[in-house]
Amino acid sequence: MVQAYILIQTEVGKAASVAAEISGIPGVTQAEDVTGPYDIIVRAEARNVDELGKLVVAQIQGVEGITRTLTCPIVHI
C-alpha cells in the first residue's frame, strides 16, 4: 500500500467545495481545508505508485477549481 499527502491550491473561494468533492473519491482517506500556501491537504492511498498517479491525475486533478497539486509520498525510514 502506498500512501501520500497531496497539497492542493484552488481558485479563490473554492477550497471548501473542492475539499468536499475530493473527500468522496475512492482512495482519499482525508481532505482538509488549511491556511498557508496550499488550500487543501489530502491524504490518499493506493495499491502501488502507478495507481496513486492515476488517482491524482485522472480523478483529483479533474475536480473543478483546482489550480495546482503537489504529491508527497509517505516513506517509512
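From a predicted model like this one, the values you see are computed outputs, not experimental measurements.
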* Asked: Regarding Thr29 and Glu45, is there a side-chain donor-to-acceptor distance under 3.5 Å anywhere?
  -> no
* Structure fact -> Smallest heavy-atom separation, Ala4 atom then Leu52 atom, equals CB-CD2, 3.8 Å
* Structure fact -> When rounded to the nearest 0.5 Å, the distance separating CD of Glu64 from CD of Glu11 is 6.5 Å
* Structure fact -> OH of Tyr5 to CD of Gln30, rounded to nearest 0.5 Å, is 7.5 Å
* **Residues Gln61, Val56; criterion side-chain contact (heavy atoms from CB on, under 4.5 Å); working and verdict** => CA-CA 6 Å; Gln61 289 181 352; Val56 173; 3.9 Å; yes
* Nearest non-hydrogen partners of Ala46 and Met1, listed with the distance -> O-SD, 3.2 Å
* Structure fact -> Distance col, row Leu7:CG vs Cys72:SG, nearest 0.5 angstrom, shows 4.5 Å
* Cluster check Val63, Ile8: I/L/V/M/F/W/Y, side chain < 4.5 angstrom -> yes
* Tell me whether Ile74 is reachable from Ile41 by hopping between hydrophobic residues (I, L, V, M, F, W, Y) whose side-chain heavy atoms are closer than 4.5 Å. => yes
* Any link between Val42 and Ile25 through a network of hydrophobic side chains (Ile, Leu, Val, Met, Phe, Trp, Tyr) touching at under 4.5 Å? -> yes
* To do: Test side-chain contact (heavy atoms from CB on, under 4.5 Å) on Glu51 and Val2 and set out the steps.
  => CA-CA 9 Å; Glu51 292 296 320; Val2 176; over 6 Å; no
* Structure fact -> Result for side chain to side chain contact (heavy atoms under 4.5 Å, CB included) between Asp39 and one of Gln9, Arg68, Lys14 points to Gln9
* Structure fact -> Test side chain to side chain contact (heavy atoms under 4.5 Å, CB included), reference Ile40, set Val34, Ile66, Val18, Ile60, output is Val18
* Asked: For Ala31 and Ile22, which heavy atoms make the closest approach, and how far apart are they?
  -> CB-CG2, 4.3 Å
* Any chance you could lay out the side-chain contact (heavy atoms from CB on, under 4.5 Å) test for Leu70 and Tyr38, step after step, and finish with the verdict? => CA-CA 9 Å; Leu70 174 66; Tyr38 292 93; 3.5 Å; yes
* Smallest separation among heavy atoms of Ile6 and Ala44, with atom names -> CD1-CB, 3.9 Å
